[in-house]
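In what follows, a single structure is set out as structure tokens and then discussed.
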Amino acid sequence: LRVVFTPIHRRGIGITGTIAMLQDITEQEQLENARREFVANVSHELRTPLTTIKSYLEALDDGALEDRALSHRFVGVMRNESERMIRLVNDLLHLSRLDSRKGLVSKVPTNVLDMLEEVADRFSFQLDQKEISIQIEVAHDINEIMLDRDQIDQVLDNLVSNAIKYTPEGGAITIRASRTNKDWLEISVQDNGIGIPKKDLARIFDRFYRVDKARSRNMGGTGLGLSIAREIVKAHGGTISLDSELNQGTRVSFALPIPPLEGEAV
Ligand code: ADP
């Protein structure tokens, strides 16, 4: 329900009253609003880097090109901005593929410890740069599990990349895998970084939702990482949740149902 207040105008007198109307927003309308908001977000996210690139091109055209050091710097900025647009378009394509192929996952037997160690390896450069330590803990009863390796790698990459982005130098990240019961695997990524204010938690998985847009942009974020992670986990029949304490840290965990391996007794 939505309440709309309309002022009553009387010619020559001004506002003499207000009419309050209760409007029922149908599901259709909500979908339409969400779609409109999404298109506005995408346009805005693309316009920002494009505007930057245009202004740097103009500066080059107006004479900066003659200055070797300056033009070198400008080209660097334009390159970063183009890379950000490419990341954004790739994330959007990824989301739209996930939207249209709902539930389509191709599971392969995967060793969980190997998978988590490989994630840590992919980020070793960034981890070293910020002197962030990473620890992996896999419960002894977890070996091979059926999952869509490419897609779960994407989830892990998004979560670990966030943990690094939003944790100051010298911090610590822990990735844990355990069984919550016989048929569920839970993987969590915990950091001791900046955390998220309570008021933002409810919308944190929404597309383009960011606690601090400027900070996220500076870190190269698109605001789509958590939404992509959620879509992939949903396609696996799983759930994802986030706990966070401001200035203490954040823990994102996802649970996947474990189908029996081929040939395994049920
Ligand atoms: P982004 O590309 O901006 O990182 P995400 O969808 O991955 O987008 O995350 C949405 C927002 O959630 C981020 O902008 C950030 O404000 C917040 N966030 C996500 N992960 C963390 C974390 N580990 N610590 C603190 N804040 C986080």
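Order of listing sets the numbers, starting from 1, for every ligand and every atom in it.
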*Partners of Glu117 by side chain to side chain donor-acceptor pair (under 3.5 Å), sequence neighbours excluded?*
none
Can you give me every donor-acceptor pair (side chain of residues 237-246, partner residue at least two apart or in another chain, under 3.5 Å) with its distance?
| unit_1 | atom_1 | unit_2 | atom_2 | d |
| --- | --- | --- | --- | --- |
| Ser244 | OG | Ile196 | N | 2.8 |
| Ser244 | OG | Gly249 | O | 3.2 |
| Ser244 | OG | Thr250 | OG1 | 2.9 |

*Has Gln30 got more than 12 heavy atoms of other residues, nucleotides or ligands less than 6.0 Å from its CD?*
yes
_Phe208: ring pair (Phe, Tyr, Trp, His ring centres under 6.0 Å) partners, not counting sequence neighbours_ = Phe38
*Would you check if Arg149 and Glu118 make a side-chain contact, meaning some heavy-atom pair closer than 4.5 Å?*
yes
*Close residues, ligand 1: non-hydrogen atom nearer than 4.0 Å*: Asn162, Ala163, Lys165, Tyr166, Asp191, Gly195, Ile196, Ile204, Tyr209, Arg210, Val211, Ser216, Gly221, Thr222, Gly223, Leu224, Gly225, Leu226, Thr250
_Check ion pair Arg176-Glu186 (N to O, under 4.0 angstrom)_ = no
